[in-house]
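Quick note: numbers below take in every heavy atom, side chains included, and nothing from hydrogens, waters or symmetry partners.
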Amino acid sequence: MVEILIAAFLILMVMGVPIAFALAMAAFAAVGLSGRYPLVVVVKEMFTGLDSFPLLAVPFFILAAEIMSTGAISRMLLRFASQFVGHLRGGLGYANVLTGTLFAGISGSALASAAGPGAMMARMMERSGYSKAYAGALTISVAVIDPIIPPSITMIIYALQDRNTSVGSLFMAGILPGILIAALLAAVNWWISRKRNYRSLEPRPPVGQMVRNSFAALPALLLIVLIVGGIRGGVFTPTEASVVAVFYAILTSAFVYRGFTLADLWGAFLRSAIMSVAVLMILAAARAFAWVLIIEGVPQAMADAVIAMDLSPIAFLLMVNLLLLGFGMFMDPLPGVMILVPILAPIAHNLGIAADHFAIIVIVNLTFGLMTPPVGGLIFVVASATKQKPSALIRELPPFFLAALAALLILTFVPALSTWLPRVSGFAR
């Protein structure tokens, strides 16, 4: 069954079949051709994969991100970030990084961040004299921070696959790694801006204007505190936090910043529904795919093989990094988490690796796959939003990918970056 499953999946991917359909059809092929189980078991596993209350957070966080992208919240965050760094050499690049990092704290979807404030920032950079391809490549790189800084849809899915951690713990674990990646991307922007002489055309705003901009952005920034603080304080669960985020985004966009109409709300509902269906289809298909692997004993066989190699924790993490970087080039993060975490997390636990540390390693690795060809979903989203060829963006990406690899190595060798905040906040088990 495993040979049929893998062969069918690879053939379908080469044919260009969408990932959800490739996963589901491979599972149907493996079960059907083996004749050992009725085909209805695949459908049962697909429904089982979606039969989870915490999964309700996924469509709600997607909807919150769409509302914030449509309304004035993203523009307020952009103005807030630009006033501090926009006047520097490469200032709009720094503003792109800072805006994307702030938006990550109220979103959870890399694609929503890239298509919304990211595309807006890329167009501003182009008008100010930056290379169009460079602006797009920076936007792609910044968007990968979204699934790492809470709230994160990928973290919600991960917590469902590994009982040694929780959504709240992962939310706290992602804060410092996200800031580290943002700092390294800003360093790349500094180097390239000096090399290409990307200067700012805007003067630094007066102090009074900066204060007014900061107060105007305060309601948007409070959403970050509301989500993380509410979960930490036990006021609501992560699933309930997603609903709170939607209502807060609607009220803030409509009554604080104004200009958010019923037509905008309907458009946000429509886009989030389409994206939610796509995500949930992937999760259902990945569950069926993973079931075939589990029923055939693949996780246990891999665990036995790794244990027989007698690897140290660091050697195992380095091997996992190589595996996941390659895996992420061809598969989106969500099915990657569904398929690989049940296999790899128990091995990491047996080696004494902290659950939150390993989770961040997996999530960061698979998220980086969004910026690498041939699949690289962010590449195609930004190419469409900025009206340029994906090949032009890919040529500008290597420095940013090197920065991402540097961040990954730091996170691998310094587990405290992933475990300290969950521990001091009382989430770590």
Considering residues at least two apart in sequence or located in another chain, which fulfil the ring-ring contact (aromatic ring centres under 6.0 Å, His included) criterion with [X]?
X      : value
Tyr134 : Tyr198, Phe400
Phe80  : Phe84
Phe289 : Phe9
Trp291 : Tyr37

Is the backbone of [Y] close enough, under 3.5 Å, to the side chain of [X] for a donor and an acceptor to pair up by distance?
X      : Y      : value
Gln388 : Lys132 : yes
His357 : Leu411 : yes
Asp162 : Asn164 : yes
Ser272 : Phe269 : yes
Asn96  : Leu92  : no
Ser253 : Ile250 : no
Tyr130 : Ala122 : no
Thr419 : Pro415 : yes

[X] versus [Y], closest heavy-atom pair with distance:
X      : Y      : answer
Met76  : Ala217 : O-CB, 4.0 Å
Ile148 : Pro177 : CG2-CB, 4.1 Å
Ile149 : Gly178 : CG1-CA, 3.7 Å

- Would you tell me whether Ser418 and Asp356 have side-chain atoms, one donor and one acceptor, within less than 3.5 Å of each other? no

- Message: Listing request: all ring pair (Phe, Tyr, Trp, His ring centres under 6.0 Å) pairs with a residue in residues 110-129, at least two apart in sequence or in separate chains.
- Response: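 Passing the test, one end in residues 110-129: no pairs.
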
- Message: So, taking the atom named CG in Leu366 and the one named CG in Asp332, what distance separates them when rounded to the nearest 0.5 Å?
- Response: 10.0 Å

Test side chain to side chain donor-acceptor pair (under 3.5 Å) applied to [X] - qualifying residues, sequence neighbours left out:
X      : value
Arg79  : none
Tyr158 : none
Asp51  : none

- side chain to side chain donor-acceptor pair (under 3.5 Å) contacts in which one or both residues fall within residues 392-402, not counting sequence neighbours: Arg196-Glu396

- Message: Taking side chain to side chain donor-acceptor pair (under 3.5 Å) as the cut-off, I'd like each qualifying pair that reaches into residues 363-385, sequence neighbours left out, listed once.
- Response: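 For residues 363-385: Asn321-Asn365.
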
- Set of residues satisfying salt bridge (charged side-chain N to carboxylate O under 4.0 Å, His left out) with respect to Arg271, sequence neighbours excluded: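 With sequence neighbours excluded, Arg271 shows a salt bridge (charged side-chain N to carboxylate O under 4.0 Å, His left out) to Glu66, given in chain and number order.
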
Please table the atom pairs, donor to acceptor, closer than 3.5 Å between any side-chain atom in residues 279-287 and protein atoms at least two apart or in another chain.
{"unit_1": "Arg287", "atom_1": "NE", "unit_2": "Glu45", "atom_2": "OE1", "d": "3.0"}
{"unit_1": "Arg287", "atom_1": "NH2", "unit_2": "Glu45", "atom_2": "OE1", "d": "3.3"}

